[in-house]
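A short worksheet on the structure shown next.
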Amino acid sequence: MSTLHLYDSLTGELRPFEPIHAPHVGMYVCGPTVYSDVHLGNTRTFLSFDLLFRYLTHLGYKVRYVRNITDAGHLESDADSGEDKIAKKARLEQLEPMEIVQRYTVGFRAVMQAYNALPPSIEPTATGHIVEQIELIKKLLADGFAYEANGSVYFSIETYLKTYPYGELSGRSIEDLEAGTRDLDGQQDKRHPLDFALWKKASTEHIMRWPSPWSEGFPGWHLECSAMSTKYLGAEFDIHGGGMDLKFPHHECEIAQNKGATGHGGARFWLHANMLTLNGKRMAKSTGNTLDPRDLLAGNSPHLTKAYSPGAVRFFIHQAHYRSVLDFSDSALQAAEKGYYRLLSSLDVLRQRPKGGPAHGSWSVPEWNGRCSEAMNQDLNSPVLIAQLFDAAKAVAADQNDPAVLGSDGAATLLQLMETWMFDVLGLAPEPHSASGKYQKALDAAMSVVLDLRRKARESKDWSTSDALRDALAQGGIVVKDGAEGSSYRVE
RNA sequence: GGUCUCGUGGCCGAGAGGUUAGGCAAGGCUCUGCAAAAGCUUGUACAGCGGUUCGAAUCCGCUCGAGACCUCCA
């Protein structure tokens, strides 16, 4: 398989990816709801789609990547007494709703930046697209897919079913869905239990509200994505992504809204990133089973024994396939970190490789690169890509003893390709564990004095002195490595 | 209760009807004053029970276990 294939949740199969308007690719990803801090589970999803964005870009596509910010708040329930989550939190904390939205939006972006996720091309907010959402409701009403009841507007599943199937994405039948319907308050306005809100009339205590032809209220929870994806990517676009938990009902409703309004379901590929679990259970703010991505970098969590670098965390995440459930544990992260650092040092070896050997070695760099592409073309199989990187590291080690393995050109090409895969595609930022310039310089100078002292002690077989120096440095987090060409050090 | 997914060696995690995934850990070896680091190397795993097949971890059925969704949720 030499071209990119992606797993489409809608058809349930791996399909060759061909953009509608090559070389342009339109990609929409459901972003965060900014009423609380994002947790590591959220982060995994966005990093999964960052990987896709990076790989598509790597393949030469011009990608318009739209990821929304849900700042209008979702309903807690379909009940009239239900309130906007953002509004509720606002009262609890005595803050303006938009103040909360601002705080967590900024926090979200900081996390994304810390983990080296590229910013999307457009990051539209729901509150910034109330007009578009109202227009979309008008269209659905005009076409008969929606009805008004007491100032609220609902999408009619029964009407929709006359033209289109419902439940395709999640593979559910209407009967199953009806069987699973729960009795919720405020259903009396709905004609059918599966109908969902497009517009909700705001109760008196509801803070976030906008005028509309039907009532002063707020948009339903699926509407923004339909409105904004259509606005920026068109009625038909290439890829729609989101967390697995959004498959139903969110994406199902989105498709229904899209088809009702435009005749098209929206994206041709629906991609879903799987959950990150903690202690075998899904991360969720509500249960307290969460990990803050910033605590991970600081080492501040009862779940952690130490702090980790963003690169190590990303490496851990991409060592599992995005469609698999990944269970987080400190030990799993430590294992990933060790492997990651080994790859980084392999790059260092390659950078410092003396010119030598034939131009092209016995180990074929182009073939290796082909295997890397092959892995990513198989629905972004980053675990296999990483396995290939370790294969390359093995070749680099062999090349140290025999420069005919890589050859001079081969080594140069391999270095460039490894950096491309690791940094450009996998987004593993080069480790910043070197201090800023002047401190690094000072440390190097101090260390060369210390290592020189130790060298002299060793030469005179004064092992107690040399070992004492080594132990003392280790106490400060400096590991001394004795090699054939003298000693070097590394800060842990 | 309904729908669905998953169960891989000590741990994490790919793959997938017949050919070594990979990482971490562990054992052995090389190097070494010792250690660390690094390199080389070893391990034959696919929940259980049946079935299909020349052949199944990979397909089918059942059992057990775990998880997701059905309600805001990445």
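Proteins come first, then strands; the chains are lettered A, B, ... in the order of their sequence lines, and each starts at number 1. No experiment lies behind these values; they were computed from the predicted model shown. Just so it is clear, the values below take in all heavy atoms, side chains as well, and ignore hydrogens, waters and symmetry mates.
- The nucleotide C4(B) finds its pairing partner in G67(B), both defining distances of the Watson-Crick or G-U wobble pair being shorter than 3.5 Å.
- Atom P of U41(B) sits at a distance of 14 Å from the matching atom of C24(B), rounded to the whole Å.
- Taking 4.0 angstrom as the limit, N381(A) places a side-chain polar atom (N or O) nearer than this to OP1 or OP2 of G15(B).
- For C49(B) and C64(B), the P atoms lie 15 Å apart once the distance is rounded to whole Å.
- With hydrogens and angles disregarded, no donor-acceptor distance shorter than 3.5 Å links the side chain of E254(A) to the backbone of L223(A).
- Rounded to a whole angstrom, the distance from the C1' atom of G39(B) to that of U32(B) is 13 Å.
- Base pairing annotation: G61(B) forms a Watson-Crick or G-U wobble pair with C49(B), both donor-acceptor distances under 3.5 Å.
- What separates CZ of F316(A) from P of G23(B) is a distance of 17 Å, to the nearest Å.
- In this structure, U44(B) forms no base pair with any nucleotide, since neither Watson-Crick nor G-U wobble geometry is met with both distances under 3.5 Å.
- For the residue pair H321(A) / D379(A), a side-chain donor-acceptor distance below 3.5 Å is found, with atom types taken as modelled.
- Nucleotides G51(B) and A56(B) have their P atoms positioned 11 Å apart, rounded to a whole Å.
- For G33(B) and U42(B), the P atoms lie 28 Å apart once the distance is rounded to whole Å.
- Using a 4.0 Å heavy-atom criterion, one finds that A320(A) contacts the sugar-phosphate atoms exclusively.
- Spacing between A36(B) and U30(B) at atom P, rounded to whole Å, works out to 14 Å.
- For the pair F49(A) and A273(A), the tightest heavy-atom approach, listed with the atom from each and the gap, is CE1-CB, 3.9 Å.
- For the pair R323(A) and Y7(A), the cation-pi test (distance below 6.0 Å, angle within 45°) is passed.
- The side chain of S466(A) has G33(B) as its nearest neighbour among G33(B), U3(B), G23(B).
- Proximity note for A335(A) (side chain, C-beta onward) versus C70(B), G23(B), A74(B): the nearest is G23(B).
- What separates NE2 of H321(A) from C1' of U5(B) is a distance of 14 Å, to the nearest Å.
- Rounded to a whole Å, the OH atom of Y322(A) is 18 Å from the P atom of G13(B).
- Under the 4.5 Å side-chain criterion, counting only non-hydrogen atoms from C-beta, L443(A) is in contact with V491(A).
- Across A14(B), C73(B), G13(B), the shortest atom-to-atom separation from the side chain of D327(A) is found for G13(B).
- Shown are K456(A), K461(A), R455(A); of these, the salt bridge (Lys or Arg N to Asp or Glu O under 4.0 Å) with E459(A) is made only by R455(A).
- Among A21(B), U71(B), C12(B), the nucleotide with an atom closest to any side-chain atom of A332(A) is C12(B).
- Rounded to whole angstrom, the span from the NZ atom of K247(A) across to the P atom of U3(B) amounts to 16 Å.
- Protein atom CZ of F218(A) is 12 Å distant from nucleotide atom P of C72(B), rounded to whole Å.
- When each of S382(A), P383(A), S48(A) is tested with Y322(A) by the rule side chain to side chain contact (heavy atoms under 4.5 Å, CB included), just one qualifies, namely S48(A).
- Toward the 5' end of RNA chain B, the nearer of the two residues G339(A) and L326(A), judged by each one's closest nucleotide, is L326(A).
- In this structure, U20(B) makes no Watson-Crick or G-U wobble pair, since no nucleotide meets both defining distances under 3.5 angstrom.
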Checklist outcome for this item: Each nucleotide of nucleotides 34-41 of chain B classed B (base within 4.0 Å of a protein heavy atom), S (only sugar-phosphate) or -, in 5' to 3' order, makes BBBS-SSS

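- Across the interface with RNA chain B, nearest-nucleotide mapping of T45(A) and I386(A) shows I386(A) to be the residue nearer the 5′ end.
- One finds a side-chain N or O of S324(A) lying less than 4.0 angstrom from the OP1 or OP2 phosphate oxygen of A14(B).
- Of the P atoms belonging to U3(B) and U71(B), the separation is 15 Å, rounded to the nearest Å.
- Base pairing annotation: C34(B) forms no Watson-Crick or G-U wobble pair, as no partner gives both donor-acceptor distances under 3.5 Å.
- Rounded to an integer number of Å, the gap from N42(A) CG to C72(B) P is 17 Å.
- Taking atom CZ on R323(A) and atom C1' on G15(B), their separation rounds to 13 Å, with Å as the unit.
- Across the C1' atoms, U20(B) and C62(B) are found 34 Å apart, a figure rounded to whole Å.
- Here G242(A) lies in heavy-atom contact (under 4.0 Å) with sugar-phosphate atoms only.
- Taking all atoms of both residues into account, the shortest heavy-atom contact from A392(A) to M418(A) is CB-SD, 4.0 Å.
- Within 4.0 Å of H39(A), counting heavy atoms only, lies at least one base atom of the nucleic acid.
- Look at CG on N279(A): it is 12 Å from P on A68(B), rounded to the nearest Å.
- Regarding contacts with the backbone of A25(B), every side-chain N or O of S331(A) stays at 4.0 angstrom or more from both OP1 and OP2.
- Counted by atom type alone, D330(A) and Q334(A) present one or more donor-acceptor pairs between their side chains at under 3.5 Å.
- The distance from atom OG of S487(A) to atom CG of D482(A), rounded to the nearest 0.5 Å, is 3.5 Å.
- Closest approach to the F390(A) side chain among U71(B), G22(B), A14(B) is made by G22(B) (side chain taken as heavy atoms from C-beta onward).
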